[in-house]
2 protein chains.
Amino acid sequence: MSRDDGKSPGALRIVLAEDQALLRSALTTLLNFEPDLDVVRACADGEAAWLAVHELKPDLLVSDIEMPVLTGLELAVRIAERGIRTKVVIVTTFARAGYLRRALDAGVVGYLLKDAPAEQLADALRKVQRGVRVVDPQLAVAAWSESDPLNERERRVLRLAGEGVSAADIAAQLHLSHGTVRNYLSEAIGKLGAANRIEAYRLARQKGWL
Amino acid sequence: MSRDDGKSPGALRIVLAEDQALLRSALTTLLNFEPDLDVVRACADGEAAWLAVHELKPDLLVSDIEMPVLTGLELAVRIAERGIRTKVVIVTTFARAGYLRRALDAGVVGYLLKDAPAEQLADALRKVQRGVRVVDPQLAVAAWSESDPLNERERRVLRLAGEGVSAADIAAQLHLSHGTVRNYLSEAIGKLGAANRIEAYRLARQKGWL
DNA sequence: ACTGCGGAGTGACATCTGTCACCCCGATCG
DNA sequence: CGATCGGGGTGACAGATGTCACTCCGCAGT
């Protein structure tokens, strides 16, 4: 059904993954407007996107990060692992160094922000197809600046604390002692230069480290 | 400049306010595609939108809620206060009863969710123009369920507390005493059935009461 | 076998939080 | 006028949180 809509035979075949319906449908329409681009499927979650990539072997997967079932990053990892030739471009709201780092590690070839205008998206996709890596410039810098100072234990503890769980309850959940949890939190707070757990949580989250 | 692009003379003149550039430009393009709709300006924040409404007196303002400088709800209130005849339609990610309630109080004529497909948007705008109120059906119900138990002081205090500001600092910022702030927080925590400020903040926020 | 190191824990201390009972004062109502 | 109410405040107390110094243990290295 995507072959009779006036696309040139060599058009770039794209699978789009984005959970917000409004944006999904708007982007599908816009991209399909370009004669050399062909959105062959638009998916609302990571699982559907994975199936679509598997079934249709598109040239490109254009994906959000925060989606139900499977995130865009997990999707990218899977695609790399299975050696599928579909190139992955991430399009996300989150200008977080941690996300970009993880995306690049997963072999993603493009990382764009949702606060760039739509026109740039089509251009970026063409560049990517020609083999150019496209990363939003602000982020390319940020990614090499700070790296996540937290270790896995601190992350786990901070994540729970950020949801309002008390030190005692965190200790119970993680089978640690009350005091140890507080030590970890204290370390995390120190490393992040925060004044308390709430601020620490916010900072870590906004950097994409949580 | 918006008169020579093939719109019919009676086309609906629309100002669009949405902070995410990708969505903003995509919607502008899509809506302009409809011959009877004319996006005369697309703004990235509430302040710009306010100026645009003032200057252009459009038929419709289509606005996001969470935007820099001035939220969509504040914008709606202002428009109502000044007696401007522009109708306001809110388009947001947030299916929160509190937001809808406040929007309706501010005289908004449409409240749509970003997880409806784009085609519905144009339809909704036409309906609104014909004088029909359009509210996303799931929400219309939810809006009458629980009502916001917090008063303005509790809201202000809780908002700051949720950002990691300590009781003492909140007191300083709001010119209240240390103890009073804690009293307000305590009330808020109680009313929301939370265990501490962090949980209270999360609950209030997710209900759209913050 | 001695050393070093990282994960986990303890104990003590100063603050911060959450709760509650009660006070003060200006407005509003009967 | 007296009663009552709401915003704001105080003081006291228990418990939670943040910080630090120090211990214990297992597991590399050499």
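Each chain gets a letter, A, B and so on, in the order its sequence line appears, and its residues count up from 1. Heavy atoms only: backbone and side chains are in, while hydrogens, waters and symmetry mates are out.
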A.B. asks: Roughly how many Å is it from NE2 in His178(B) to P in dG11(D), rounded to a whole number?
C.D. replies: 12 Å
A.B. asks: Mind listing the side-chain donor-acceptor pairs of residues 62-76 of chain A below 3.5 Å, one per line with the distance, residues two or more places apart or on another chain?
C.D. replies:
{"from": "Glu66(A)", "atom 1": "OE2", "to": "Tyr99(A)", "atom 2": "OH", "distance (Å)": "2.8"}
{"from": "Thr71(A)", "atom 1": "OG1", "to": "Leu73(A)", "atom 2": "N", "distance (Å)": "3.3"}
{"from": "Thr71(A)", "atom 1": "OG1", "to": "Glu74(A)", "atom 2": "N", "distance (Å)": "3.1"}
{"from": "Glu74(A)", "atom 1": "OE1", "to": "Thr71(A)", "atom 2": "N", "distance (Å)": "2.8"}

A.B. asks: For nucleotides 22-26 of chain D, which of its nitrogen or oxygen atoms have a protein nitrogen or oxygen under 3.5 Å away, and what is each distance?
C.D. replies:
none

A.B. asks: Is the side chain of Thr86(A) donor-acceptor paired with the backbone N or O of Leu60(A) at a distance under 3.5 Å, no angle test?
C.D. replies: no
A.B. asks: Can you pull out every ring-ring contact (aromatic ring centres under 6.0 Å, His included) where at least one residue sits in residues 55-74 of chain B? Sequence neighbours excluded, please.
C.D. replies: none
A.B. asks: Can you sort out the partners of Arg41(A) under side-chain hydrogen bond (donor to acceptor under 3.5 Å, both in side chains), two or more places apart, ordered by chain and number?
C.D. replies: Glu55(A)
A.B. asks: Does the Arg24(A) side chain pair with the main chain of Glu18(A), one donor and one acceptor, at a distance under 3.5 Å?
C.D. replies: yes
A.B. asks: May I ask you to list the residues of residues 179-203 of chain A, by number, that have any heavy atom positioned under 4.0 Å from an atom of DNA chain C?
C.D. replies: Gly179(A), Thr180(A), Arg182(A), Asn183(A), Tyr184(A)
A.B. asks: Which whole-number value in Å describes the distance from Asn151(B) CG to dG6(D) C1'?
C.D. replies: 10 Å
A.B. asks: With sequence neighbours excluded, what pairs up with His178(A) under the ring-ring contact (aromatic ring centres under 6.0 Å, His included) test?
C.D. replies: none
A.B. asks: In whole angstrom, what separates Glu152(A)'s CD from dA8(C)'s P?
C.D. replies: 11 Å
A.B. asks: Pairs in or reaching into residues 164-192 of chain A: which pass salt bridge (charged side-chain N to carboxylate O under 4.0 Å, His left out), with residues at least two apart or in two chains?
C.D. replies: Glu154(A)-Lys191(A)
A.B. asks: What pairs of residues pass the salt bridge (charged side-chain N to carboxylate O under 4.0 Å, His left out) test when at least one of them lies in residues 116-126 of chain A, not counting sequence neighbours?
C.D. replies: Glu34(A)-Arg126(A), Asp36(A)-Arg126(A), Asp123(A)-Arg126(A)
A.B. asks: Between Thr28(B) and Ser25(B), is any side-chain donor less than 3.5 angstrom from a side-chain acceptor?
C.D. replies: no
A.B. asks: Are any of the side-chain nitrogens in Glu152(B) or Arg155(B) under 4.0 Å away from the carboxylate oxygens of its partner?
C.D. replies: yes
A.B. asks: Enter the distance from Leu16(A):CG to Leu31(A):CG here, rounded to the nearest 0.5 Å.
C.D. replies: 7.0 Å
A.B. asks: Please output the side-chain donor-acceptor pairs of residues 47-54 of chain A that fall under 3.5 Å, not counting sequence neighbours, one pair per line with the distance.
C.D. replies:
none

A.B. asks: Across nucleotides 23-28 of chain C, 5' to 3', mark each nucleotide with B, S or - according to how protein heavy atoms within less than 4.0 Å reach it.
C.D. replies: ------
A.B. asks: In chain order, what residues pass the side-chain contact (heavy atoms from CB on, under 4.5 Å) check against Ala116(A), with sequence neighbours excluded?
C.D. replies: Gln120(A)
A.B. asks: Taking DNA chain D as the partner, which of residues 153-167 of chain A come within under 4.0 angstrom of it by heavy atom?
C.D. replies: Ser166(A), Ala167(A)
